[in-house]
Protein chains: 2
Amino acid sequence: MKTVLVPIAKGFEEIEAVSIIDVLRRAHIDVVVASLDGSALIVGANGITIETDTNIHNIHADILDMIVLPGGWDGTNALAEDANVQRLLKEMDAKGKYIAAICAAPFALHKAGVLKEKFTCYPSVEEHIRIEGYQDDRAMVVEDGNVMTSRGPGTAICFALAIVKKLKGEEACKTLKEGLLATYCDASV
Amino acid sequence: MKTVLVPIAKGFEEIEAVSIIDVLRRAHIDVVVASLDGSALIVGANGITIETDTNIHNIHADILDMIVLPGGWDGTNALAEDANVQRLLKEMDAKGKYIAAICAAPFALHKAGVLKEKFTCYPSVEEHIRIEGYQDDRAMVVEDGNVMTSRGPGTAICFALAIVKKLKGEEACKTLKEGLLATYCDASV
């Protein structure tokens, strides 16, 4: 079974986090939702509180196939400042394992030095990362090497489907896309 | 301020519930997330647990502008069987107030006898409601009188935006649609 870590911190964007967790679990991927400080409950940017599975302290890169970061500015800043998240991102990258981030969260990848040349993010967040390589609205999901990035709440289901395609194959992605009624996902998925 | 009730029960569909709550709160609508039995934490169909604000026992139709039901089969069946949900749906309908449901949840409206002639729902759920009036994939969101219905996880953001349009106007909906990067929502939104 594939294992994916989704770290969340206060102020995470709820549609993004929940779309990723929900879609990946539908694809029978083991999703571990981790807090940064052991809190059982974490409140998002829009006041929705969700329960975590574990503390990120307990997680080693060896057991992971992928790490996926949801956006939201406050949540992203916490992920960018957290020593465990930054260490795991660097370890995953060194091992050539998959890393993904959506909305503001590519900033946390940039902070860890793992973002590749081409990327996307929520419009204007690129000003805090770099203009060069920013793919604007050319695709809902951008892949470069082992790093996948996406744009915002409206692309979160498509981003999760692109992750399913990567970890479980094209057929699993196609079946889920139809089941979710997410036919609008673009050719990048 | 507009007030919207979102009742959730074990097995609710997480993308649908969270997309509705998130988008409506972004539009400065007061969203009350209610359990059916006073449970603080409710687990969804894909193992995501979210926190409720109150027990539905505490809610009267007088304070509400709208009631919105997320889908998920187990959650929907609980909403269809719950005396408070069924009473509130009938009271809201009698007062001509807005009622909305997505995915499997139009079944709970049918159970309360408040579904109007035209509706949509998750494909195949219409077999448990009625074929006549089912709008298939003609639109992401169907309105008939005071009742709004939608199809599934992939249409949840668009459904929430249609609710924002109804309660806060076209301009608020348009601004949010752009901010969420949900440009794919169809003309029904």
Side-chain angles (χ1 to χ4, degrees), chain A residues 6 8 12-31 33 40-53 72 102-103 120-124 137 140 150-161 176-186, chain B residues 6 8 12-31 33 40-53 72 102-103 120-124 137 140 150-161 176-186:
Chain A
V6 180
I8 58 170
F12 70 92
E13 211 299 315
E14 296 97 328
I15 291 173
E16 293 165 3
V18 167
S19 296
I20 293 160
I21 302 165
D22 183 317
V23 173
L24 268 56
R25 285 188 178 156
R26 282 170 180 255
H28 310 292
I29 292 167
D30 182 25
V31 181
V33 182
L41 299 172
I42 310 281
V43 61
N46 300 289
I48 303 170
T49 296
I50 82 167
E51 196 172 42
T52 59
D53 300 315
I102 185 168
C103 192
T120 193
C121 59
Y122 191 80
S124 81
D137 58 358
M140 287 181 167
S150 187
R151 306 189 73 223
T155 67
I157 288 179
C158 304
F159 179 50
L161 285 168
L176 255 182
K177 187 172 168 177
E178 285 166 10
L180 291 162
L181 312 178
T183 45
Y184 46 75
C185 296
D186 70 15
Chain B
V6 179
I8 59 170
F12 71 92
E13 211 300 316
E14 295 98 327
I15 292 174
E16 294 165 0
V18 167
S19 296
I20 293 160
I21 301 165
D22 184 316
V23 173
L24 268 54
R25 285 188 178 156
R26 282 170 179 255
H28 309 292
I29 291 167
D30 182 24
V31 181
V33 182
L41 299 173
I42 310 282
V43 61
N46 300 289
I48 304 171
T49 296
I50 82 167
E51 196 173 41
T52 59
D53 300 315
I102 185 168
C103 192
T120 193
C121 59
Y122 191 81
S124 81
D137 59 358
M140 287 180 167
S150 187
R151 308 188 74 221
T155 66
I157 287 179
C158 305
F159 179 49
L161 284 169
L176 255 182
K177 187 172 168 176
E178 286 165 12
L180 291 161
L181 312 178
T183 45
Y184 47 73
C185 297
D186 70 14

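Please read all numbers here as calculations on a predicted model, not as lab measurements. Here is how names work: the chains are called A, B, and so on, in the same order as the sequence lines, proteins then strands, and each is numbered from 1.
In this structure, the portion of A:L41 lying under 4.5 Å from any heavy atom of chain B is its side chain and not its backbone. The parts of A:I50 that come within reach of chain B are both its backbone and its side chain, each placing non-hydrogen atoms under 4.5 angstrom from that chain.
Between A:R26 and B:E14, none of the side-chain N atoms (NZ, or NE/NH1/NH2) sits under 4.0 Å from a carboxylate O, so this pair counts as no salt bridge.
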Evaluate the criterion side chain to side chain contact (heavy atoms under 4.5 Å, CB included) for residue pair A:I157 and A:K177; output intermediate values, then yes/no. CA-CA 9 Å; A:I157 288 179; A:K177 187 172 168 177; over 6 Å; no

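Highest contact tally toward chain A, considering only B:C158, B:P123, B:G179, is held by B:G179 [criterion: heavy-atom pairs under 4.5 Å]. Taking A:V18, A:V23, A:I21 one by one and counting their heavy-atom pairs under 4.5 Å with chain B, the maximum is reached by A:V18. Contact count versus chain A (heavy atoms, under 4.5 Å) is highest, among B:A17, B:A182, B:G152, B:S19, for B:S19.
For the pair B:T120 and B:M140, the tightest heavy-atom approach, listed with the atom from each and the gap, is CG2-O, 4.3 Å. Here the closest non-hydrogen pair linking A:C103 and A:G72 is SG-N, 4.3 Å.
Residues passing the side chain to side chain donor-acceptor pair (under 3.5 Å) test with B:R25 are B:D53, sequence neighbours excluded.
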